[in-house]
Amino acid sequence: MGACPATPYCQDMADTLQIRYGTTGAEADLAITDATIKAPELRRFVIDGEPLATYDPGFMNTAVCRSAITYIDGDAGVLEYRGYPIADLAEHSTYLEVAWLLLHGELPTASELDGWEALITEHRMLPDKLKTVLAGFPYDAHPMTILMASVAAFFSFYPDAQNFTDPDARALNIARLIAKMPTLAAFAYRKGRAQPYVTPDDSYGYCENFLQMLFKKAERRYAADPRLVRAMEVLFILHADHEQNCSTNAVRSVASSGNDLYTSCSAGIGALHGPLHGGANEAVLKMLREIGTVDRVPEFIEGVKTGRARMMGFGHRVYKNYDPRAKIIKKSVEDVFEVTGVNPLLQIALELEKYGLTDDYFVSRRLYPNVDFYSGLIYEALGFPPEMFTVLFAIPRSSGWAAQYQEFITDPEQKIARPKQIYTGARTRCYVPMDARS
Ligand code: CMC
């Protein structure tokens, strides 16, 4: 296991930033706390009648919350949940242990874990009427749209989720969400194949139960290879949280207007679906297939360098080093291929990575493989079609979203999300009647 330094990662610097506006000579000292200034303080300067603000599309350099859940050092390639290095958790924990850790801040004791697993097992079933909702979707509906709509629909089945300030109601709904995500995902998968749903089975753990709901056929008892169950567990741990990413920001933003957990997480699922976020692993496999053979890799790389293509699964807003999750997944690829046989696309991925780690285009921009570069290969080897890949990301991310939601609604500093804009349109025009419009 890694060393366990007890040093806090940020200190109150009790320092100030001195700002001087040249035009008027106005000056102000802005307090610096945790290496940030408070943006509203900038309003002390008025520029052409407008209070000074920051312009930051995509939140490139804006902290929107204080959070004690996940720590990332993108330059060093470090990821920790509640202070525990991701590699230690991936090696020693189960996904449900990690979900507890994210929600409670501490690893569970043996009895806490027993109680947590029992609670999750108890809530795995879907409300019966939800099956009517599922039946309404076309057979070729993308499972992410089914997931998004069904999680939003949970609020009609569990309206007590609106009592989010009550810790008991909140805990119950968080457990419901985490418990039901695999069931929902498996039902969406089987619906697409016109196969009958397989209900949850209490005799299996979280991951193996998910696999049996997906892949059980007519056999008396489904049995997954333990190496595959462990690979699933590791993938779920790696995807459980990732601090203020696009989907978590969507969850927090939707929660900020007073929404329940399900409505907020449904927005998170929508955000995750995009190809620049959780949809990237699906895009990686598409890219590998299009390249087709190893000898076509140099031509593809030239296309990336001239802006004709994008190397999916490479680059990250935060990691300017090898994504620590990608390192762990690369190891899982080997374990899974031992059971399933090698996916021939692996050779193309390895060749692309070789270029990515040596070619100046990628090196100078600090573009490294991210979590999605290898995960699609594992998912395919496990028998998942590409449209299920993002679903496999959403299942474990529900625990991260829930932890972030909980942190958000118990944080007295938080407010309704409402960014500013710089208005660039026309002003106060004379209304033009229809017959005068050209
Ligand atoms: N292939 C080729 N060039 C790239 C790539 C890439 N994958 N990613 C970034 N660049 C270039 C980009 O064109 C820009 O070049 P220039 O400075 O010449 O204009 C430079 O690198 C900086 O990129 P950016 O787009 O400003 O970076 P960003 O932080 O806004 O975008 C990203 C981050 C993840 C959206 C982007 O790297 C990307 O599109 N990657 C491919 C999609 C992908 O794998 N997404 C999964 C992210 S990890 C899972 C998750 O956490 O959601």
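Counting starts at 1 for both ligands and their atoms, in listed order. Quick note: numbers below take in every heavy atom, side chains included, and nothing from hydrogens, waters or symmetry partners.
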J.: So what's ligand 1 close to, N/O to N/O, under 3.5 Å?
T.:
| residue | atom | partner | partner atom | Å |
| --- | --- | --- | --- | --- |
| ligand 1 | 1 (N) | M311 | N | 3.1 |
| ligand 1 | 3 (N) | Y361 | OH | 2.9 |
| ligand 1 | 7 (N) | M311 | O | 2.7 |
| ligand 1 | 7 (N) | F314 | O | 2.9 |
| ligand 1 | 13 (O) | R310 | NH2 | 3.1 |
| ligand 1 | 15 (O) | R365 | NE | 3.2 |
| ligand 1 | 18 (O) | R365 | NE | 3.1 |
| ligand 1 | 18 (O) | R365 | NH2 | 3.0 |
| ligand 1 | 29 (O) | R317 | NE | 2.7 |
| ligand 1 | 30 (O) | R317 | NH2 | 3.0 |
| ligand 1 | 39 (O) | R310 | NH1 | 2.6 |
| ligand 1 | 40 (N) | F314 | O | 3.0 |
| ligand 1 | 44 (O) | G313 | N | 2.8 |
| ligand 1 | 44 (O) | N370 | ND2 | 2.9 |
| ligand 1 | 45 (N) | L276 | O | 3.2 |
| ligand 1 | 51 (O) | H316 | NE2 | 3.4 |
| ligand 1 | 52 (O) | H277 | ND1 | 2.4 |

J.: Are D34 and T36 linked by a side-chain donor-acceptor pair shorter than 3.5 Å?
T.: no
J.: Using a strict cut-off of less than 4.0 Å between a Lys/Arg side-chain nitrogen and an Asp/Glu carboxylate oxygen, indicate whether E106 and R82 qualify as a salt bridge.
T.: no
J.: Kindly say whether G315 contributes a backbone atom to a donor-acceptor pair with the side chain of N370 at under 3.5 angstrom?
T.: yes
J.: Tell me whether K305 is salt-bridged to D359, with the criterion being a basic N under 4.0 Å from an acidic carboxylate O.
T.: yes
J.: Does the distance from a Lys or Arg side-chain N to an Asp or Glu carboxylate O, for K286 and E282, drop under 4.0 Å?
T.: no
J.: Can R365 be said to sit on top of Y361's aromatic six-ring, NZ or CZ under 6.0 Å from centre and within 45° of the ring axis?
T.: yes
